[in-house]
Amino acid sequence: MALLSTVLALRRDPRILKVPPYLSLLCILGGIAWLLVLPLNEYSRSTYVSENALLPGQVHTYFTGSEHNIFRAYRHEVASQVEKSPQERNNHLGDILRSNNLRVATQNYEYHASGRNISNQNVYAVLQGPRADATEAIVLIAAWNNMAGEINHSGVALVLTLARYFKRWSLWSKDIIFLISGDSTSGPQAWVDAYHDSHSPDNVESLSIKSGALQGAVAVDYPAGPWGHRYDKLHIVYDGVNGQLPNLDLFNTAVNIASGQMGIGCTLQRMWKHDDKYQDRLTTMLRGMISQGLGHASGPHSSFIPYHVDAITLQTVGDGWHDEMSLGRTVESLFRSLNNLLEHFHQSFFFYLLMQANRFVSIGTYLPSAMVIAVNFSITSIALWVASGRSTSMPKLASPSKSPKDKKENPPTTVVRRNGDISIVPTAAIEITERPLFLPLAFVLSTHFLGLLPLYIFNNTPKPSLFLAYSLAMSMTSVLPFLTAALLHILRGPTEQETTLIQCFSLLFLGMFLAALATLNFSLSFLVGIAASPLSFVRGLYPAPKGEVEGFATRNRGAISVVGSLLLAALNPVIVIKVATLYWGIDVVDILVKAAEGWHVWGLWTQVVVWLAWWPAWFAGSVVMWSGLFT
Amino acid sequence: MLSFLALLLFNAFIASASASSDYSEHLLLRPLPQKALLASFNFRSNESSTAFEQQNFRYFPRSLGQILQHAGTKELHLRFSLGRWDAENWGQRPWNGAREGGTGVELWAWVEAQNEEEAFARWLTLTNALSGLFCASLNFIDATKTIRPVMSFPPEGDHQNPSQLHLLHGTLPHEVVCTENLTPFLKLLPCKGKAGISSLLDGHKLFDASWQTMAVDVRPVCEEDGECTLETEQTVDMVLDIDRSKRPRDNPIPRPLPIEEIECDTSKGYSAQDTCYPIHKTSEPAFSLSGIYGRSLKGACPLTDESSENSYTVCINTPPERIIHVNTTGQYAESTSENHAMRCYKLPVGADFDLVLPEQQMTTRLVLAQPPLYAARHINGHGQEHGSVQAVITNPSSTDAVEFVYLESLPWFMKPYIHTLQARVNSSPENPIRETYYRPAVDRQRGTHLELRMVIPAASTLTLTYDFEKAILRYTEYPPDANRGFDAAPAIIRLISPESLDKKGIYLRTTSLLLPLPTPDFSMPYNVIILTSTVIALGFGNIFNLLVRRFVGADEVQGMGPGGLKGIIRGKVERLKARFLTKKKTA
């Protein structure tokens, strides 16, 4: 009991409010440090295949010999279709598939985003598994154009050859669908949407042939032309839309087969050189996190993952000695493993960070880092709530000791009697302070609704005007906090308490949102959390209450507000994105075009997080900072 | 171009001939497009009703007969099926679909009983007995998997007291049909796979087929003079992939052929030593009976009637120009139908018989009958909570409307919303549903039973959709492979018009569905149990300790000296001291 009463007594202690900023800082630093130790051997684990049914690399592969001659012929056939229209091309590819006794169909799609017209045609063929009963299917994809826009000559030819080869086997217990999509992102998306009948018939044609529930998908990206090109490594791309990931078992199976059975090195996240040192592991992990955080489609496989279809892309990179047949055998072995699956992928992890082809950390290990960063906002928010309820006329404990000779008039006191005990306490300590909630709540809510405006504009502006829109947004959002603070001052002149509450609610929302987001898209939550972390230390500076000594901050509050606001302006999401594009040398318009395509085609949610959570929090923080200038 | 009429004649010919003799068997071979071969085995035996009731079994298998008598079953239909019939390439189904079942096992029977309870009790007896007989999990057909169809299955036989007959129907869509089901099936035959066409049936080849179905049908057939016979029909239909079936059993791996054996298209500009565009062969592939079945036909079954037309057991339906060599050492006879599209052979007794068809470039092709309907069914949507079923049924005929009954038997954990049931025909705004019979599911007791009578106008497509909700099962109700999903039985379509020529009816079935249900992480309960046990052990242990123990200061305990060796020695000394002191006192 004694302990409890001490804690309750401490609640009133003014010193308690001095702790949260340090706690917040500790949380932020702790979160970053947590992430930095993950690549160490002690915190990461070696990958392992969890699903016993997969048996990766346990089968002999027979995709050799005369299949190579046929592959070369198909590659020439593919090359002959380069100049043709999608319809003519797919007729020809469909004929090749049809000659192997497969059921072939095409699908047209047409999307509109940023004033662009994305239209093309998919062609696909269904191999009805001799042991299958149309309940399950696996997909082999080759996009006509890969992510870099090159024509996927060898990839498409490999799919055609494998279709011919797979047809001869009688062991398939699942249907196999061979999909040659018109492009790498929208085509597979149109196809998989239509497969689950969740497409809009205006944009996407329905599928005329379907099979069972999709169990897995593998995409092949091998753009070597008609005369071939020997590659060095397989680059396994696994990021899905919105940062969703395929089951780790699928990735592990691919790595196990490629490196264990075929002797092909595997790499990920464009780490062409990886010597398994701390720095390389960290770089891989960070690249993976940025890719996951952006949530964009990273290959033809990405669109499948939101439908709970585990998918990866095998991309050939470098100059080496591996040829198309070894890639074909890898795919063959991978499909034999998928064919073994009795249940849908579920054994292994869906949330993980990879730092090398055979090293990972699972969600239990990495999640605390984003959570701790999200918690820092909640801590500050609670501290601000407590501070806003505290009477401003509370005497400071430190002041008498500092200047004992300085005779001040005593604060008003009250005599409290309870159970026969009498005590004299400052009146301010038992005063009930009301919190006016209307202005802070209205402000925070309207700020969040204001985010809808840029969200709408950027998703619906045609490409030529996007740069203008972005520049406007950049300048507008930079000036807007100052104007809003000035306007608030003129109209209402919010009290210190109200300003504190604005910041409190804004941080409360940000903290809760990021904590929830961390369970869905860890990387996005972490990145936004880091970029928004200075907001925890933003306070509206007001003159000290009457009779108090003005500290350094209160005395120079105008200057500090201006400097702080200008520093904060650099953390404006719009500026941060601009700086990031400059750093990576990408045109910001390209990003916006991709984002708009993501919004309309892939169902991308990243811009919602940016405009409806991150930007409002920054805006509220900036307004609070500027308001110090007007007090 | 040859007509398909020959086959219809053939079917009629079997039907007319069957009544006269007691046992007959037939094998129909028909090469299909895309290097497929339809092989349709049919075994038929008759037993007079009086002999059957006196348990005087001749051709009728005793094991099956006694089960039927014990369970009061008057008419029985049992199906084992695998794979899919590709109606677009292969045309109309054999027997108009009346001798096939949905994927897995399907059973329906007319049971004689006074009331529904008795009928169901007899049904359970029947399923359990058949389960043992056919080595299939038929005993898992319980109340949740049993329905009582109203419009879909009229009786095939002639029954004396139809008012006391109850139709019960059950399916097991996830039952994998395999060799252990074939062996008991063959044992029911009089020649038991030792002679006759059944000697071709080999589990390895049968279950490597692209599509196969085994059927057992028992029905009473009554003449007009009131004399009844019990007819047993056993049917095996399969579509073999000729290339795959020809592979020898000791080398089944489809290795790439040596390049010399592949015909390359040399007209392509890039054609070279190492580049080969394979020519798509249009010729009919070569095959022989012994080649594709891996065993030879051991001559006729001696129990078949040798004199009648029925003795022409093996028939092959090909254009007349197709060359067929007969390979046998015994006596055989050949007969051809009027338009030569059907060649039938009378098998020699006691000598192997083989048909050999060489590879041949054909100028004429067999015209396959168009199926009256095409049907496909899929699950749409994704996620753990809702989904929708979409059935697309197409009428290819340009002149005739088709009326049919659509039967859906859903497991109880798939809960359809009937208000979302929509049927649209693309050619007319009229509602195609004429009649609905719906019996809703009761959780854990019975499944949904939905029958719809619908009409599709000529050359139209009907789309039937309904939404459903996925129930959450209890922890113990999940099967071991819970993450695979749950199978929903195929929908059954029975055609009402155009009417069938015989009593068997015209049927087709869709494929089964795989329904993913929300599945818990099954290792989680164990983690939770272990964690909570640890917490309780720590927390409870400490508090219990605090509550039941009395803590006292060491100095408060009387006679509590130091422990250990020192204590023991001191104790001994004290005891000795006490003894001596008392001795001194007494002395």
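So you know, we letter chains A, B, ... as the sequences are listed, proteins then strands, and number each from 1. These figures come from a predicted structure and were not determined experimentally. The figures that follow rest on heavy atoms only: side chains count, while hydrogens, waters and symmetry mates do not.
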Please check if atom [atom1] in [X] has more than 12 non-hydrogen atoms from other residues, nucleotides or ligands closer than 6.0 Å.
X      : atom1 : result
A:W605 : CH2   : no
B:Y526 : OH    : no
B:K281 : NZ    : no

Under 4.5 Å from any heavy atom of chain A, what part of [X] do you find: side chain, backbone, both or neither?
X      : result
B:P480 : backbone
B:I262 : side chain
B:A376 : neither
B:R255 : both
B:D481 : both
B:E261 : neither
B:T103 : side chain
B:D521 : neither

Report the distance from atom [atom1] of [X] to atom [atom2] of [Y], rounding to the nearest 0.5 Å.
X      : Y      : atom1 : atom2 : value
A:E343 : B:T519 : CD    : OG1   : 8.5 Å
A:R103 : B:N89  : CZ    : CG    : 7.0 Å
A:S170 : B:D243 : OG    : CG    : 12.0 Å
B:S512 : A:D133 : OG    : CG    : 4.5 Å

Contact leader toward chain B among [options], where contacts are heavy-atom pairs under 4.5 Å:
options                : result
A:Q128, A:Q347, A:Q215 : A:Q128
A:W169, A:Y195, A:Y307 : A:W169
A:A213, A:A132, A:S211 : A:A132
A:G65, A:P130, A:G212  : A:P130

- Partner chain A: residue of B:I253, B:L515, B:V392, B:L513 with the largest heavy-atom pair count (under 4.5 Å): B:I253
- Comparing B:T511, B:D208, B:V176, B:L82 against chain A, the one with the most heavy-atom pairs below 4.5 Å turns out to be B:D208
Polar side-chain atom of [X] near backbone of [Y] as donor-acceptor pair, under 3.5 Å:
X      : Y      : answer
A:S66  : B:L257 : yes
A:R131 : B:F207 : yes
B:H280 : A:S99  : yes

- Residues of residues 69-82 of chain A under 4.5 Å from chain B (heavy atom pairs)? A:N69, A:I70, A:R72, A:A73, A:Y74, A:H76, A:E77
- Query: With a 4.5 angstrom heavy-atom cut-off, which part of A:H344 approaches chain B: side chain, backbone, both or neither?
  - Reply: both
- Contacting moiety of A:P306, where chain B heavy atoms sit under 4.5 Å: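 Contact with chain B involves the backbone of A:P306 alone.
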- Can B:R84 and A:D175 be counted as an ion pair, charged N to O under 4.0 angstrom? yes
With the side chain counted from C-beta on, respond yes when [X] and [Y] share a heavy-atom pair under 4.5 Å apart, and no when they do not.
X      : Y      : result
B:H378 : A:H196 : no
A:Y62  : B:P256 : yes
B:R484 : A:T135 : yes
A:V309 : B:H382 : no

- I would like to know whether B:L514 and A:E136 meet side chain to side chain contact (heavy atoms under 4.5 Å, CB included); could you show each step before the answer? CA-CA 8 Å; B:L514 190 65; A:E136 294 169 302; 3.5 Å; yes
- Mind checking which of residues 268-278 of chain B sit less than 4.5 Å from chain A, heavy atom to heavy atom? B:K268, B:Y270, B:Q273, B:D274, B:T275, B:C276, B:Y277, B:P278
- Message: Determine whether A:K167 and B:R244 satisfy the following criterion, side chain to side chain contact (heavy atoms under 4.5 Å, CB included), listing intermediate values before the conclusion.
- Response: CA-CA 10 Å; A:K167 176 69 183 170; B:R244 215 159 60 211; 5.9 Å; no
